[in-house]
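Below is one structure, written out as structure tokens, with a few remarks after it.
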Amino acid sequence: MIRVQEADFDLGAEVAKLKAGRSDIGAIVVFLGTVRDCAGRVKEMTLEHYPAMTEAELARIETEANARWPLQASLIVHRTGRLLPGDNIVLVATASEHRDAAFAAAEFLMDYLKTSAPFWKRESGPEGSHWVSADARDASARARWKAAKDAAE
Amino acid sequence: MIRVQEADFDLGAEVAKLKAGRSDIGAIVVFLGTVRDCAGRVKEMTLEHYPAMTEAELARIETEANARWPLQASLIVHRTGRLLPGDNIVLVATASEHRDAAFAAAEFLMDYLKTSAPFWKRESGPEGSHWVSADARDASARARWKAAKDAAE
Amino acid sequence: MRLLYFAWVREKTGVAAEDIDLPAGIATVGDLMAWLKTRGVGFADAFARTDVVRAAIDQTHARHDAKLAGAREIAFFPPVTGG
Amino acid sequence: MRLLYFAWVREKTGVAAEDIDLPAGIATVGDLMAWLKTRGVGFADAFARTDVVRAAIDQTHARHDAKLAGAREIAFFPPVTGG
């Protein structure tokens, strides 16, 4: 399941919905990304996105994760608009019988989301505001899944 | 933080406590382990443990995770006693500035907990009851951290 | 053809969305970027370093050598920074 | 010396905890297991395959060749299965 929204989300409620009425799930992994104030340098963050593409891209990523691992449920919720330090940005949750698949799929979803989903962060603080630069570590993090897939083929 | 208890825990409340009043955290990873009914073969699970050793062992594992990764917070909650399919068993949560540390530490905590913390599961169902056997995959999962550490040394 | 610009590409061009008639001889995303660069100071600035500008054709990531034939919506944006 | 037994080791020995005086000549965890095995059918069964019985000395995992000198509490149990 994919959701892009301005409103906050409730991590506990989202996980409860994921496992409601189910007793076949053994492992749930949740990733929660939040706004860091970076020692006071960030007072506000604005998340712009490309609506028509965002949902398509997130759905594509989720489909790919489900093709790679035996997931019983998965969820991506991403916020847009104006956020403050400490605010929730993104929630990814994966459920599987065993923890290895749930962990791997959650990491995969985050690595792909970070490098493919059309969101852009603008940070504002006492020193002005700027668009956040892409982090080269995200590209490396994504690359390892490609290698893992090639090795398995 | 370590807790061993018979009572259920509230995932949302635990994560909220972890991040309460903080704006330096960028990533939180949560692992939730739940009782699987294994297609009806499990109707009930009883978790026995060695109280004096359990808390010491969990604390030791948590200290080790904090020595390996820059964690801003960590939490292990493990239940004991009688549990039913779908019930929560264990919660592990890690907070860090970046997701790589939070993911790795959460996986590490689970791999070590599974192979070191003195808990024993007994499952009951229509075919009787039995002590759960250790899963060889848990030993392999743990071994990779040893290798990773040796390689880094 | 509809063109969309996001984040600092939008700010530098001063345009969020526009409809254009593709000039003759423009076959790829890269051709289009080279042409856009000639449309004034803002566009020249936005596309000064085309290696850091990403593109999508009809809501799908596209390389700079991707063909535009049949495309309805082309978007230009910086490397993504969500999550 | 206090001895504790957990899970199926407890069920097979029929004992959860007991205090014993260590017989002479028992220096290691392995020695202790060999001696316990002689204490009747339940103990013989519990320690029949010592390779699958784990031990802890004073709440810390211990190998079968670990020395007992100075130990106050020895626990025996199957491989752990929590989480």
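For clarity, every value in this text was computed on a predicted model and none was experimentally measured. Note on naming: letters A, B, ... go to the chains in the order of the sequence lines (proteins, then strands), and numbering restarts at 1 for each one.
Using the six-membered ring where Trp is involved, B:Trp145 and B:Phe108 have ring planes that are perpendicular, over 60° apart on the 30 and 60° scheme.
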Handout entry: Worked check of salt bridge (charged side-chain N to carboxylate O under 4.0 Å, His left out) between B:Asp135 and B:Lys114
Key = CA-CA 9 Å; B:Asp135 189 331; B:Lys114 283 259 182 188; over 6 Å; no
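Interface remark: B:Arg99 contributes backbone and side-chain atoms alike to the contact with chain A (heavy atom separation under 4.5 Å). At a 4.5 Å heavy-atom cutoff, B:Asp10 makes no contact with chain A through either its backbone or its side chain. Both the backbone and the side chain of B:Val29 come within less than 4.5 Å of a heavy atom in chain A. Both the backbone and the side chain of B:Glu97 come within less than 4.5 Å of a heavy atom of chain A.
Counting heavy-atom pairs closer than 4.5 Å to chain B, the top residue among A:Asp87, A:Asp138, A:Ile89 is A:Asp138. Of the listed residues (B:Ala39, B:Ala13, B:Cys38, B:Ala106), the greatest number of heavy-atom pairs within a distance under 4.5 Å of chain A belongs to B:Ala106. Top candidate by heavy-atom pairs under 4.5 Å with chain B, chosen from A:Gly21, A:Ala16, A:Gly86, is A:Gly86.
Judged by distance alone, the side chain of B:Thr94 and the main-chain N or O of B:Ala102 form a donor-acceptor pair under 3.5 Å.
Heavy-atom neighbours of A:Gln5 CD from other residues, nucleotides or ligands within 6.0 Å: above the threshold of 12.
With ring centers used as reference points, B:Phe103 lies 6.0 Å or more from A:Phe103.
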